[in-house]
Structure formats: C-alpha cells, structure tokens
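For the numbers below, each heavy atom of this structure counts, side chains included, while hydrogens, waters and symmetry mates do not. In this text the structure is predicted, and so the values were computed from the model without any measurement.
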Amino acid sequence: MASTGNPLSSAQSIVIFGDSYSASSSTWVTYLKSSLNDTVTIHNFSVPGATVDDDLEDQLDRYLSLPSQPWRSSPKGVVYDIIEKIIHSADILYTRAGARNFIFVDVPPIDRSPRGININIEDDPSGDLESTLERAYTSYPKLRKQADERNKRLGEKEEKPSFPSPNSQTSQITPTSDNSTVASCVAESLLGALNNQEPLFVNGWQKIFTLGDDVLVKTGISAGSEEHEILSFVSEHFTSVVAPRPLGYMKIGQLSFLFMTRLPGQSLIQCWSRLDVSQKQLVRTLLDDMCRELRSLELSAGSPMGTVWDPRRCKDLRRYHRISSGPICSEAEFNEFLTFSDIPPRHVAAGYRKWVFSMLRTDHRIVFTHGDFHPRNIMIDIDSGGSLKLGLVDWEMAGFYPEYWELLKAFNTRTMCDESDWWDYLPPSILGYDHELLVDSFLERAFLPF
C-alpha cells in the first residue's frame, strides 16, 4: 500500500537509471513502485549489474530516444539554459574541487508574484483571476508572520560581526626594514582600532581602513598578499611611478591585512569634472610619464606572463574573475586562455570562432601593466599653489601582459552612456590598439558567457 508520507508520492514521473541489483522480477525498483501512489509513472532503465562506465550512456540514449520524455514539457529557453549552467558548474566543482554535497534552492512560486499575475492576464485577458488573487491574499499574511518570527529569532541569536580574537593564529610577512617600527605598532593595535571605525572604502568582500593620516590597511579573506608582492616589485623597479609603499602583510585567522602608505589627495573620478582643460592636459602628461616607465620593462621571451609572484598566473576580470590554471609563457598560450571558459558560452558556429581566433596576434611586446587603469584608481593632489601630483592605487591586476592590455582593460569599464571626456585624455603611450579592442569585442561575444 502506498505511503502518503513518502515525498516521492507527489511526483508525476520518476526516471530511474543505474543498477537494479537483481535479475528477478522483485527489485528495489518494484519495491519503490509499490510504495508510491498509482498516479506516479516510473520509467525504469536500470538493469542488473549496470555501471557508470559501461551502461549509463546507453541508458541515457534509450531515455532520450523516447517520443516524449518526462521533464520535457517546457521548450528550451532561459530556464533551461540556467539549469544547464548550474549542472555544469556543479560538475566542475565535483571533478576539479572535490565538492561532494550540493544544495540547490528553488525560487518561490512566481505565479503569486505581481509579474506572475501580469503574465496570467497577458495569456488570457478574459480569464478568471479570482482564485489567483484569493490565494495571494490569504497566503501573504501567514508567510509574512512566519518571516517576522524567523527574523526575530535570528536577531536574538545574532552577534555583532567582529574581527578575530588576538589569540587567533597569526602569520606575518616581514615588513620593509625602514618601516618595522610603524608596522609593529599598527599590528599591535590593529584589532581594536578597526573595530571602532567605519571603512574608508568597501568593494565586495574587501574593505580599506585608515590608520592615522599616513597608513591604510586593506582587509578581506585572503586579500592583500598578491598586491603586497606587486607593490614591492613596483617600488624596486620604477623610480617615477607613484604608488603606495607596502609596509607589511598579516593574516589573523581567515582575515588578511595589507598595510601600505596612503597617497595624499582624492581619487581622480571625484574631481575630474571640475578640472579645467590645462589641468586635464597636465594629468595626461603625468600619467603618460608613469605609463611609459611601466611599459619600458619588457618580459624576456619564454618567461611566465601575468603576476610577478609564484605561482605565476594570468588574470582576466570582466563579468567574473578568471585566473589561468597554470603558467602562460607566450602570447599564443595567452590567446588560448582568453578564449576558454569553464562556463558554457552561447552557441557559436565553429567557423565564426575560427575567424575570431585568426585575428588574435601573437607578436605583441609583453610589458608591465597596471591592469585597472581607471580614474577611481588614480589619486590626485592639488596644493594651494595649483601644483598637481598623481599616484596609482589598486595594483591587484598588475603584471606582465601584451602591450594592448592596458588600453583594453581601461575600456572594459566604459559604457555607451558614459559622457565623461576622460577618454579623450588617456595617456598617448597606451593608445594605438583599436584593432585589438575591436577583436576583443567579437571575442567576448564568441567565447565568453552571458
């Protein structure tokens, strides 16, 4: 007799693959069917002794050859594509990251939402919406009460977020010798000081705090170690490039802390519209001097591109952050990285892909690059006499990349609605790569998701 408490009893169809574990008529499949309601249809493709390697593909082929399959009542569309991406992502996590437990949370019933009711009206303007409106009207107060009670319980248990205890395991990169006293004082009073102030800047899971007038600390989960290495590299190799000086790096529990000097002034994005033409031209000249010095450092042939620390990796931040799986030692390999994605892209004809790939050059100079050249990452300081000084911040994406990369990454942040004339004052030394920008726009469409 079917059990009404069995959660599978509410299903319309159940498809079974794998091993039935018995050649007799009595298997776990028949036992399952006996425990369900008669309205449940079971499609059984399992056979005794079946294995994933030898039999699963054949079972799937048999299932897909049916004139109509369960779960195929809806045409392919946005929902189907989303589900396909979710399953593919889970497969990547399972095979590459060793994940074994997954929770997939469905959305609430969308037919109860205002948009859902709208769709009902559009589909059938003469239809009776009384039952839909009554269900929404009667269920909402109950759901709201449950949510309020749940939030109240969570609020009673919730503790104020805080930084780790000073007793947590701590590791520190030795600060530069001439700043050891400063770094030691900062580290000693760190936890108490940061708990008692608002961050200067928040970017996702990263926060930047001020420590006095001259020191900044960037915090986050595994934040700062890469930028610490880059800032050290910049201070050692470039004399005229103004950048924060690294003071030290510390990890307490899961949180990381990067200490660095604070550049004076404000970000260029805050005051660009107030600058006159002569000031904007001076900004362009000063930035060009710094870019020329950065780009004068070329990578020797065969050396790993990208980051300046081990393990050497290339990065590409667009709609999501991609990092190469291993070292890349040529522009041809870099092009392969640019055209590869773990997330399935939209369908593109093979000929179109081949055409786009054929336009990617492999003979650019590989030069040191900031990688996020934007007014928000440029500090400007104008004194009372009108003297103007500039500095570059946020070096996380810096490294050795093809010579067009600086311009490309700058234009990645430009939108069609951006009316700023900043783009007319870009440093001349990074210009001249219109072909690469155009090809990259095709590349994004052909190879990258979303």
Side-chain angles (χ1 to χ4, degrees), residues 200-203 208 210 213-216 218 227 230-231 233-246 260-298 317 365 367-434 436-437 440:
L200 178 68
F201 180 75
V202 177
N203 181 20
I208 296 179
T210 59
D213 296 329
D214 303 319
V215 177
L216 292 178
K218 179 183 285 191
E227 192 167 4
I230 294 173
L231 291 177
F233 183 89
V234 170
S235 65
E236 292 172 7
H237 291 81
F238 307 106
T239 57
S240 65
V241 176
V242 181
R245 193 169 70 255
M260 54 189 162
T261 55
R262 181 179 185 178
L263 299 186
Q266 60 183 322
S267 68
L268 188 59
I269 198 172
Q270 294 175 293
C271 67
W272 178 258
S273 61
R274 301 194 301 270
L275 300 181
D276 59 36
V277 173
S278 62
Q279 289 174 316
K280 291 179 178 180
Q281 290 174 340
L282 180 56
V283 166
R284 187 188 199 197
T285 299
L286 294 176
L287 289 176
D288 192 51
D289 290 342
M290 286 192 276
C291 286
R292 285 184 185 279
E293 185 175 4
L294 291 176
R295 297 164 67 82
S296 68
L297 184 58
E298 294 190 32
L317 178 60
R365 294 185 305 128
V367 299
F368 195 78
T369 305
H370 178 273
D372 197 1
F373 201 78
H374 188 276
R376 65 173 177 269
N377 294 327
I378 301 170
M379 300 298 293
I380 180 171
D381 183 38
I382 305 176
D383 63 22
S384 57
S387 177
L388 189 152
K389 297 179 180 178
L390 298 178
L392 298 177
V393 299
D394 198 359
W395 290 78
E396 289 181 76
M397 304 303 294
F400 287 96
Y401 292 94
E403 57 189 288
Y404 68 87
W405 197 247
E406 196 78 90
L407 183 65
L408 175 64
K409 289 290 112 179
F411 270 88
N412 275 171
T413 62
R414 188 178 189 179
T415 67
M416 291 185 291
C417 302
D418 187 350
E419 297 182 358
S420 172
D421 64 346
W422 153 253
W423 309 102
D424 299 329
Y425 291 89
L426 289 173
S429 59
I430 72 171
L431 300 179
Y433 302 100
D434 294 344
E436 285 80 356
L437 264 62
D440 188 77

side-chain hydrogen bond (donor to acceptor under 3.5 Å, both in side chains) involving Gln270 - partner list, sequence neighbours excluded: Ser267

Does any non-hydrogen side-chain atom of [Y] lie less than 4.5 Å from one of [X]?
X	Y	result
Thr210	Leu216	yes
Thr369	Ile430	no
Asn377	Trp395	no

Identify the two heavy atoms, one from [X] and one from [Y], that lie closest to each other, and give their separation to 0.1 Å.
X	Y	value
Leu263	Met379	O-CE, 4.0 Å
Val241	Val234	CG1-CG1, 4.2 Å
Leu231	Ala243	CD2-CB, 4.5 Å
Pro428	Arg284	CD-NE, 3.7 Å

Taking only distance into account, with no hydrogens and no angle test, what donor-acceptor pairs under 3.5 Å do side-chain atoms of residues 380-389 form with protein atoms, sequence neighbours excluded?
residue	atom	partner	partner atom	Å
Asp383	OD1	Gly385	N	3.0
Asp383	OD1	Gly386	N	3.0
Asp383	OD1	Ser387	N	2.8

Would you say [X]'s side chain and [Y]'s backbone share a donor-acceptor pair under 3.5 angstrom?
X	Y	answer
Glu396	Glu227	no
Arg262	Val215	no
Ser235	Arg245	no

Sequence neighbours excluded, which residues qualify as side chain to side chain contact (heavy atoms under 4.5 Å, CB included) partners of [X]?
X	value
Asp276	Ser278, Gln279
Arg292	Asp288, Ser429
Thr239	Glu293
Thr413	His374, Arg376, Trp423

Not counting sequence neighbours, which residues clear ring-ring contact (aromatic ring centres under 6.0 Å, His included) with [X]? List them please.
X	answer
Phe373	none
Trp272	Trp422, Tyr425
Phe201	none

Step-by-step side-chain contact (heavy atoms from CB on, under 4.5 Å) determination, Leu392 to Leu287: CA-CA 9 Å; Leu392 298 177; Leu287 289 176; 4.2 Å; yes

My understanding is that only residues two or more places apart in sequence, or in another chain, count here; which of them pass salt bridge (Lys or Arg N to Asp or Glu O under 4.0 Å) with Arg414? none

Going by salt bridge (Lys or Arg N to Asp or Glu O under 4.0 Å), name the residues that satisfy it together with Asp214, two or more places apart in sequence or in a different chain.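 Salt bridge (Lys or Arg N to Asp or Glu O under 4.0 Å) check on Asp214 returns nothing, list empty.
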
With a sphere of 6.0 Å drawn around CG of Asp424, does it hold more than 12 non-hydrogen atoms of other residues, nucleotides or ligands?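 Result for CG/Asp424: enclosed.
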
Spacing of Leu390 atom CG and Leu268 atom CG [to the nearest 0.5 Å]: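 Spacing of CG (Leu390) from CG (Leu268) equals 7.0 Å.
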
Using atom types as modelled, flag every donor-acceptor pair under 3.5 Å from a side chain in residues 402-410 to any protein atom, sequence neighbours excluded.
residue	atom	partner	partner atom	Å
Glu403	OE1	Tyr433	OH	2.6
Glu403	OE2	Arg365	N	2.7
Glu406	OE1	His370	N	2.8
Glu406	OE2	Gly371	N	2.9
Lys409	NZ	Asp316	OD1	2.7
Lys409	NZ	Leu317	O	3.3
Lys409	NZ	Asn412	OD1	2.8

